[in-house]
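The structure appears right after this line, and notes come after that.
The residues of the chain are indexed from 1 along the displayed sequence. Worth saying up front: this structure is predicted, and the values here are computed from it rather than measured.
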Amino acid sequence: MTSAENDGADGAKSLSDVLQYRTIHGPLRTIFVILTLAAVLLSVNQLFNLQLFGIVILDNRYLYSLAGIFLCLTFIVFPLRGKGSAPSAVPWYDILLGALSLAVAGYFIWTGEEALSSGWEYAAPQTAMILSFVFWILILEATRRTGGTIIFAIVLLFSLYPAFADKVPGPISGYPLPLEDAIAFHIVSSESSFGIPMRAFGELVVGFIVFGAALQQTGGGRFFNDLALALVGQFRGGAAKVAIFASGFMGSMSGSVISNVLTTGVVSIPAMRRTGFSRSYAAGTEACASTGGVLMPPVMGTTAFVMASFLGIPYIEIAMAAALPSMLYYFGLFVQLDSYAARRGLKGLERAEVPSLRETFREGWQYLFVFAVLIFVMVVFRQETLAPFYATALLLIINQIFPRTRLSLDGFVNLVQAIGRSLAELVSVLLGVGLIVGAFSATGLAGTLVNDLLFIAGDATIVLLIMGAITSFIFGMGMTVTACYIFLAIVLAPALVQAGMNPLAVHLFIMYWGMVSFITPPVALGAFAAATIAGTGPIKAGIAAMRLGSVIYFVPFFFVLNPALIGQGTTAEVLLVLATAFPGVWLIASATQGYLAFFGRFADGWASLFNRALLFVGGILLIFPGFEEFHLSQIELTAIALALVGASLLLETGRRKLAAA
């Protein structure tokens, strides 16, 4: 084994703690599998409207059922102390908390119809108030175990906010509620824990999480990695380009940057090291590729489904809108890596390390076929709720036909466990984040903050956008992408929309800037996780990731100022922006690395740095929609951009001649 491979193995071992879940055995494993299957079947019954046994389940009863089951699973599988070694044995108090979750949820399931008809969210009886308090504590503890201490502290503070809303200073003051009424509102109403985030989970997310888990457990991850190897592995910097494609596919399925780094990084980072990439660049590449996967259709993780609920539009419209920006991001990353490899004379992988494309397709065609079915059902039949269930069923049927991929009984149990863990972790975070939504709803704070933000920014749209980007980045450092998005969708998005911006572009802008924190120090969780595998310093990995992922800092401003970049415009407008966006990103990425394809390497030193700066600014202006304040149209900006690019290349050519003379 090479030293790089040793680094990868050591990194994988030390990162096992990050996963922070128990491996359970015996009767509890059986219970875990039964409860997971029950929850999935309940979702199938509800979403397909099967009405098994002639029973119609009210929406609030359905959501309480999912909450009770997955809170129970959370306490079984996620240990009390979070990070650190998680023993297989489940302590008695976690079993008790799991049973209590089922019991309390059972009460609200039983009284669900009465709660709706009697308006319990405003006047709950004493028993409901007491059990609401118990449910609230269970949600907070589950959020702490799965989301971490920072999210727990934020959720706790905001969930209590209605009780002292009238005692805080002006801009964040709101209408107060007695503590017992606030807690009951959080649990009983359809605007808090069981509001938009949880409804999005119950109506959209479940099927895609099941599909993603099934795809990975049946070998989809290995197939996409082999496909990437076969397509680009032998080109210069091939190992890094493989990471782009493989992590992009995996991230779209998993929706988690950290788990994506952990699953694909242990393969891609040692391969990059073997072909000449520095440790920091190998880590930065994996972090950027994994981060972009969450922005990549067709799945895009959980946040896009919550966005669909906020905006009240089909998920497929969000996926289609996100396609162009994510392609620009990955194109920029690809160009940077190609330039990095060319500048340093790095080679691709050896032929023996690259699988045959024909053999890869022969062994994994079913995964592409299933993806095609998923997209076809979503786009043609517009059934994004049901599409992943059809795709999962088809995948499992095809999978069982071929002996090489057939799941054994133990493999099926592992699949169900993976589904249960993913769903439990997500439900716990969404229930907690829902408390923030409820606090804003109960006190009317959201409207106040919107007006204050608009007043501070005045008529300067770019100031409001910069404020939004900074806020999104700060909250993204301590929260999951979904939690950060939900918070800002309540506080920030309405202000940007009221300023006249496209609502879909605004919500994607928030999502993108929430993702930026995964590759930007001082926190940069994605880069830090990759740094451990690569055996390099976390800050070095973060700086490399910032440089490689530089396009992500600009693209959100481009599409929020020019919605044609997300397909919101006429065909002519979309084609025009495409004609300038990709060349613009190519110039930005090339300038960052100091190598321009078809032109060659820029030298080191201040003179070439100035020339690269001209190239960089030219790339920015090529994509920018125009400066109304300076009466400059996009066509005029394009002309200026081309002049700057021409000047850059002429100056660098002249420098080369002087150096040669």
Side-chain angles (χ1 to χ4, degrees), residues 236-237 240 277-278 280-281 284-285 288 328-329 331-346 462 465-466 469 516 519-521 539-558 561-562 579-627 629-661:
R236 66 187 180 197
F277 279 80
S278 69
S280 59
Y281 257 75
T285 298
C288 289
L328 286 174
Y329 172 73
F331 177 68
L333 183 56
F334 186 93
V335 171
Q336 284 223 50
L337 291 170
D338 184 69
S339 299
Y340 178 89
R343 188 178 175 89
R344 287 157 181 79
L346 303 183
I462 196 69
L465 285 174
I466 292 171
V516 161
I519 62 170
T520 309
I539 298 300
K540 285 184 178 179
I543 292 171
M546 276 185 69
R547 188 174 182 181
L548 286 166
S550 55
V551 170
I552 201 173
Y553 300 99
F554 303 103
V555 166
F557 285 96
F558 296 150
L561 292 171
N562 187 2
T580 58
F582 280 94
V585 167
W586 174 50
L587 294 173
I588 292 170
S590 300
T592 304
Q593 290 298 329
Y595 182 92
L596 181 66
F598 310 113
F599 179 79
R601 182 180 183 274
F602 283 69
D604 298 322
W606 288 105
S608 287
L609 190 62
F610 175 75
N611 298 339
R612 287 165 61 182
L614 290 178
L615 196 67
F616 186 91
V617 174
I620 294 287
L621 295 181
L622 203 56
I623 318 174
F624 214 79
F627 278 115
E629 293 86 349
F630 299 102
H631 306 290
L632 289 171
S633 67
Q634 188 172 7
I635 294 175
E636 290 169 323
L637 279 180
T638 300
I640 296 172
L642 293 175
L644 289 174
V645 172
S648 169
L649 300 183
L650 284 173
L651 287 171
E652 184 63 21
T653 302
R655 188 211 57 77
R656 288 180 183 177
K657 290 180 179 178
L658 285 174

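Legend: residues meeting side-chain contact (heavy atoms from CB on, under 4.5 Å) with V516, ordered by chain and number and at least two apart, are F473, W513, T520, I552, Y553. For Y281, the ring-ring contact (aromatic ring centres under 6.0 Å, His included) partners at least two apart in sequence or on another chain are Y340. The side-chain contact (heavy atoms from CB on, under 4.5 Å) check on F599 picks up L596, F602, L649, E652, T653, R656, with sequence neighbours excluded. For the side chain to side chain donor-acceptor pair (under 3.5 Å) test, residues two or more places apart in sequence or in another chain that qualify with D338 are R236, K241. The side-chain contact (heavy atoms from CB on, under 4.5 Å) check on L650 picks up nothing, with sequence neighbours excluded. Judged as a side chain to side chain donor-acceptor pair (under 3.5 Å), and not counting sequence neighbours, the contacts of S280 are S278. Every residue two or more places apart in sequence or in another chain that forms a ring-ring contact (aromatic ring centres under 6.0 Å, His included) with F582 is listed here: F331. Not counting sequence neighbours, the partners of S550 by the side chain to side chain donor-acceptor pair (under 3.5 Å) test are Q336. T580 meets the side-chain contact (heavy atoms from CB on, under 4.5 Å) test with L622, Q634, T638; sequence neighbours excluded.
Counting only distance, with no hydrogens or angles, the side chain of R343 and the backbone of G594 share a donor-acceptor pair below 3.5 Å. Side chain of S339 to backbone of Y595: a donor-acceptor contact under 3.5 angstrom is found.
The salt bridge (charged side-chain N to carboxylate O under 4.0 Å, His left out) analysis of residues 584-603, with sequence neighbours excluded, yields the pairs R601-D604. The list of salt bridge (charged side-chain N to carboxylate O under 4.0 Å, His left out) pairs with a residue in residues 610-621, not counting sequence neighbours, is empty.
Here the straight-line distance linking atom CZ of F557 with atom CG of N562 works out to 15.0 Å at 0.5 Å rounding. Considering CZ of F558 and CD1 of I623, their distance stands at 4.0 Å, rounded to 0.5 Å. Rounding to the nearest 0.5 Å gives a distance of 4.5 Å between CG of L337 and OG1 of T285. Here L637 contributes atom CG and I620 contributes atom CD1; the two are 11.5 Å apart, rounded to the nearest 0.5 Å. Here the straight-line distance linking atom CG of L548 with atom CD1 of I543 works out to 12.0 Å at 0.5 Å rounding.
Counting heavy atoms from C-beta on, the side chains of V645 and L614 never come closer than 4.5 Å. F277 places a side-chain heavy atom less than 4.5 Å from the side chain of L346. With contacts defined as side-chain heavy-atom distances shorter than 4.5 Å, the pair F616/S648 does not qualify.
Counting all heavy atoms, side chain and backbone alike, V335 lies closest to S590 at CG1-OG, 3.6 Å. When all heavy atoms of G618 and A641 are compared, the closest pair comes out as O-CB, 3.2 Å. Contact record, G549 with C288: N-SG, 3.6 Å, taken as the closest heavy-atom pair.
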